[in-house]
Amino acid sequence: MVAWFAAHGRDLPWRAPGTDPWAVLVCEVMSHQTPVARVVPVWLRWLTRWPDASALADDSPGEAVRMWGRLGYPRRALRLHETAVAVRDGHGGVVPGTYEELLALPGVGPYTAGAVAAFGFGRRAVVLDVNVRRVLARVHDGADPTAAAPTVGERARAEALLPVEASTSVAWNAAVMELGALVCTARAPRCPECPLQADCAWAADPPPARSRTTRRQPWHGTDRQVRGRIMALLRASHGLVEEATLLAVCDDPAQARRCLDSLAVDGLAERADDGVRLPL
DNA sequence: GATGCGTGGAT
DNA sequence: TATCCAAGCAT
């Protein structure tokens with residue numbers, strides 16, 4: 001596993017020696033449901049502008065949302081800004097190092113808390129992202145994990161497999177995650193290239209077809225699409241945007257209104273007297 | 001536990 | 001062209 005990673009792991013910028021926990025946290029949050037290739041340039045620009053948590057906390061949430069650009073799920077930018085404030089005001093500007101403290105930060109869930117503990121602090125922590133889940137489930141069960149959140153059983157198995165020694169566990173986490181991203185992929189896994197092939201239930205008996213358990217949400221005409229269009233207009237403007245301009249992003253005025261309202265509730269848009277803008 | 005939440009490249 | 005999918009989290 002670890003040898004495979006040394007030979008085939010990607011040379012991602014946050015894997016450079018000396019990357020501090022805050023930079024790791026930023027990269028982990030940006031990577032939620034987002035391809036790594038899209039994260040890299042934003043992460044580099046982000047840390048150039050705000051090298052640490054306090055620098056981000058001292059700027060406005062709206063600037064964080066603007067810098068987030070088209071990464072998607074812009075509420076993550078808001079939560080990352082909230083986390084920066086929490087680190088500045090509650091932890092003396094230093095990212096806390098325990099799983100429990102990390103989990104308490106806004107926008108930080110079980111995956112991110114484990115990833116920062118492991119990759120930011122070198123600690124032994126279960127890192128259960130979709131890649132690790134897929135690798136472990138296929139090796140053990142010969143089937144893909146469910147679409148639902150990880151079960152206690154999955155977590156227990158990951159814990160049981162995780163090497164005891166801290167630095168070894170960090171390397172193991174990185175290797176399994178990378179294996180899931182590059183070899184044990186969701187579609188068309190490259191089993192002949194996999195170091196676990198000999199011990200893998202999936203490789204021994206590949207399932208014939210994919211079973212679709214949950215129906216995916218359609219895209220065209222959804223509130224998500226309309227919200228995205230409104231946010232794109234707000235990011236592009238450094239001042240107020242006329243509400244009528246924002247409401248023109250789709251044909252259905254009621255939907256446009258609903259979406260603008262929901263963005264305001266989320267804190268992604270702020271209404272002023274004569275327009276709308278990103279939060280100050 | 002099921003839903004909602006962006007975006008764009010790959011197939 | 002339509003669907004799948006990518007380092008999840010909050011409600």
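Each chain gets a letter, A, B and so on, in the order its sequence line appears, and its residues count up from 1.
If you take atom P in dG8(B) and the same atom in dA10(C), they sit 24 Å apart, rounded to whole Å. Rounded to whole Å, the separation between the C1' atoms of dC9(C) and dG9(B) comes to 24 Å. On the P atoms, dA7(C) is 23 Å away from dA2(B), given to the nearest whole Å.
Ion pairing between R66(A) and D59(A) fails under the 4.0 Å rule for side-chain N and carboxylate O. No salt bridge links E154(A) with R157(A); every basic N to acidic carboxylate O contact stays at or beyond 4.0 Å. Between R124(A) and E165(A) there is no salt bridge, since none of the side-chain N atoms of the basic residue sits less than 4.0 Å from a carboxylate O of the acidic one. Looking at D144(A) and R133(A), no side-chain N of the basic residue comes within less than 4.0 Å of a carboxylate O on the acidic one, giving no salt bridge. A salt bridge is absent between D252(A) and R257(A): the closest approach of a Lys/Arg side-chain nitrogen to an acidic carboxylate oxygen does not fall below 4.0 angstrom. Salt bridge annotation for D223(A)-R258(A): present, with a cationic side-chain nitrogen under 4.0 angstrom from a carboxylate oxygen.
Annotation: proximity of residues 160-176 of chain A to DNA chain C (heavy atom, distance under 4.0 Å) is found for no residue. The stretch residues 18-41 of chain A comes close to DNA chain B through Q33(A), T34(A), R38(A), each having a heavy atom under 4.0 Å from the strand. Near DNA chain C, defined here as any heavy-atom distance below 4.0 Å, the residues from residues 6-15 of chain A are R10(A), L12(A), W14(A), listed numerically.
Q255(A) places its CD atom 13 Å from the P atom of dG4(B), with the value rounded to the nearest Å. Distance, L103(A) CG to dA10(C) P: 8 Å, rounded to whole Å. Atom pair L78(A):CG and dG8(C):C1' shows a separation of 17 Å (rounding to whole Å applied). As a whole-Å value, the separation of N131(A) CG from dA7(C) C1' is 7 Å. Between L233(A) atom CG and dG6(B) atom P there is a gap of 15 Å when expressed in whole angstrom units. Distance, R229(A) CZ to dC5(B) C1': 16 Å, rounded to whole Å. Y73(A) places its OH atom 7 Å from the P atom of dG6(B), with the value rounded to the nearest Å. For the pair L105(A) CG and dA10(C) C1', the computed distance is 15 Å after rounding to whole Å.
Nearest-nucleotide assignment on DNA chain B puts the 5′-proximal partner with A148(A), out of A148(A) and A232(A). Annotation: of the two residues near DNA chain C, V108(A) and M177(A), the 5′-most nearest-nucleotide partner is M177(A).
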### Task
Please lay out, stage by stage, how S60(A) and H81(A) fare under the test side chain to side chain donor-acceptor pair (under 3.5 Å).
CA-CA 8 Å; S60(A) 74; H81(A) 185 273; over 6 Å; no

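Counting any heavy atom pair closer than 4.0 Å across all strands shown, R258(A) reaches no nucleic acid atom. Nucleic acid contact class of T185(A) (heavy atoms, under 4.0 Å, all strands): none. Across all strands shown, V132(A) has no heavy atoms under 4.0 Å from either base or sugar-phosphate atoms. Residue A149(A) is classed as having no contact, given no heavy-atom separation below 4.0 Å to the nucleic acid. Heavy atoms of G109(A) sit under 4.0 angstrom from primed sugar atoms or phosphate atoms, though from no base atom. Residue R75(A) is in base contact, counting any heavy-atom pair closer than 4.0 Å across all strands shown.
Counting only distance, with no hydrogens or angles, the side chain of W43(A) and the backbone of A23(A) share a donor-acceptor pair below 3.5 Å.
At a threshold of 4.5 Å between side-chain heavy atoms, the hydrophobic network of Ile, Leu, Val, Met, Phe, Trp and Tyr places V276(A) and L78(A) in one connected group.
The CE atom of M30(A) lies 8.5 Å from the CZ atom of R76(A); values are rounded to the nearest 0.5 Å. To the nearest 0.5 angstrom, D261(A) atom CG is 11.0 Å from D266(A) atom CG.
Residue R133(A) places none of its side-chain N or O atoms closer than 4.0 Å to OP1 or OP2 of dA6(C). Phosphate proximity of dC5(B) to R76(A): absent, as no side-chain N or O sits under 4.0 Å from OP1 or OP2. For the pair R235(A) and dG6(B), the criterion of a side-chain N or O lying under 4.0 Å from OP1 or OP2 is not met.
Donor-acceptor pairing under 3.5 Å, judged by distance alone, is present between the side chain of R224(A) and the base of dG6(B).
Looking at every heavy atom in both residues, L102(A) comes nearest to A117(A) through CD1-N, 3.7 Å.
When distances are taken from the side chain of R187(A) to each of dC5(C), dA7(C), dG4(B), the shortest belongs to dC5(C).
A donor-acceptor pair shorter than 3.5 Å cannot be found between the side chains of R123(A) and T98(A).
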